[in-house]
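Let me begin by handing over the structure; questions about it come next.
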Amino acid sequence: MPNAIVWLRNDLRLDDHPALRAALEGGYTPVPAYIHAPAEEGAWAPGAASDAWRARSLIALDADLRSRGSRLLVRHGPTADALARLIADSGAEAVFWNRKYEPTTQPRDTALKKQLRERGLRVKSFNGSLFFEPWQLATQQGGPYQVFTPFWRAAQAQWRVPELWDAPARLPAVPATLADESAASLPLSPRPDWDRSFWQHWQPGEAGAREALEVFADGALQGYHSERDRPDRIGTSRLSPHLHCGEIAPWRIVRMLEPLRNRDNGADIDAYVRQLGWREFAHHLLHHFPQTPDEDLNPRFRRFDWAEPDLTLLAAWQRGRTGVPIIDAGMRELWATGYMHNRVRMIAASYLSKHLRYHWSYGARWFWETLVDADLANNTLGWQWVAGTGADAAPYFRVFNPVTQAERFDLDGVYIARWLPELAALPLPLRFAPWRQPEALATAAPDYPRLPVIDLDAGRDAALAAYRKSGPR
DNA sequence: TGTCGCTTTAC
DNA sequence: TAAAGCGAC
């Protein structure tokens, strides 16, 4: 059988893998390959936490391949050279991959496709990660959607969920002449190993993704619609890092959840699928507005009076020492697990971009380095949304009050107590705003900040004043 | 997927 | 006196 390179990127799975399927159905021996080439992703090369995740995911993928008689080839970039060498060494006649949509990698992949075809290879790319290609949905005028609701309405009108496809139990062996390099040898793990504590919370890899889906389907799905905002509960799917690496296809999630639909959980399933819709929307926006990882989409903010970050305060935000418990709990959850509950992400992001008035890109960069689910489309949309600078964004004047939010969503203070154990001794209303009783705080937690780094009222007022000053419209 | 301050309404 | 309603940011 002729060989076909199956170039793996953010699709580290075997089931529901269009490129792998195309190789097999085309009568090829798949040669699965991963090429490490972070420099080609420019300023948004994967951050440390998602690298650490990917290192484990690659090892899991290699094990899955080996259990079926194949294996993963690992190579170093430049990608064009690594592919050329793989093609030469294997005599491959075809190259298949699933598309990525980032502004740096997409032009690279388009150019590669052209070059490889000119050399007589059969090359084909597929949609391996989205319900819709980012260019597929368009407004009546033919432009991109900038508001989620009409985007989602259009998506639902054309809704089609791909068939599931299970990879065969046996795969053809990769030619023995192709050299091995262990996935474990890639420089993807942070030093020092700050990620050590992550892995009691996560199992990277396709099996881990499938297990996370089962846990969600049997648990948090019931009541997801209301509980997903509760950081103190396991109220979310926790599938985001698995989705980011492509360890599971979103259509498999939908196909697994839909049969569970009953009288009680219809709103829960709809609410979850709607979140997958935001992921689609994020990719749609990144495709049409490729500058948005670095620039405000709304031009009004070019003349907005962002504050020059004080590096000490920025570090306080990063490491959970702002003096505002719900934010510090979230930032410490992030540091300890590589993840933060979505509701808390919004509260922490609002504080950075409004109370502190730092440009959201400082926060986006920190999340990029520390989130295991860091995804350029989602991270960009999320930050521009909270900061009020993006598409269909919360208006800038919508300022979250972190005390009110904590009272509403962490009502028993359990989340705060979990990540800020030093505050667990404080009684309830005080735990949300400990500066209101300095003596009690000093006794319970002598090392915790006495006051928020920015006073809540003063920060809010300054943000609103800056917004007014940035002009009409 | 907000907050605040003010007014109105209900008791 | 407090909950509910409303407009402005």
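Chain letters run A, B, ... following the sequence lines, proteins first, then strands; residues in each count from 1.
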Output the rounded distance in Å from CD1 (A:I347) to C1' (B:dG2).
11 Å
Taking the side chain of A:Q405 as heavy atoms from C-beta outward, which of C:dC9, B:dT1, B:dG2 is closest to it?
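The nucleotide sitting nearest to the side chain is B:dG2.
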Would you mind telling me which of C:dC9, B:dT1, B:dT3 lies closest to the side-chain atoms of A:N401?
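Closest of the options to the side chain of A:N401: B:dT3.
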Grab the CZ-C1' distance between A:R279 and B:dT1 for me, whole Å please.
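These atoms are roughly 20 Å apart.
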Flag side-chain contact, heavy atom, 4.5 Å: A:L456 against A:W435
yes
Nearest to the A:R408 side chain among B:dG2, B:dT1, C:dC9, which nucleotide is it?
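So the nucleotide nearest the side chain must be B:dG2.
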What is the distance, rounded to the nearest whole Å, between atom CG of A:L464 and atom C1' of C:dC9?
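Rounded to whole Å, this separation is 6 Å.
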A:Y396 OH to B:dG2 P, in whole Å, measures 17 Å
Spacing between A:F400 atom CZ and B:dT3 atom C1', to the nearest angstrom:
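It works out to 10 Å between those atoms.
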For A:T404, which contact category applies under a 4.0 Å heavy-atom criterion: base, sugar-phosphate, or nothing?
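Sugar-phosphate contact only - A:T404 comes under 4.0 Å of backbone atoms but never of a base.
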In whole Å, I'd like the distance from the CG atom of A:D461 to the P atom of B:dT3.
15 Å
Report the distance from atom CH2 of A:W385 to atom P of B:dT1, rounded to the nearest whole Å.
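It works out to 9 Å between those atoms.
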Using atom CZ of A:F397 as one end and atom C1' of C:dG7 as the other, report the distance to the nearest whole Å.
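A:F397 atom CZ is separated from C:dG7 atom C1' by 11 Å.
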Look at atom NZ of A:K124 and say whether more than 12 heavy atoms of other residues, nucleotides or ligands are closer to it than 6.0 Å.
no
Is A:D373 salt-bridged to A:R279, going by a charged N under 4.0 Å from an acidic O?
no
Are there over 12 heavy-atom neighbours, none belonging to A:E211, within less than 6.0 Å of that residue's CD?
no
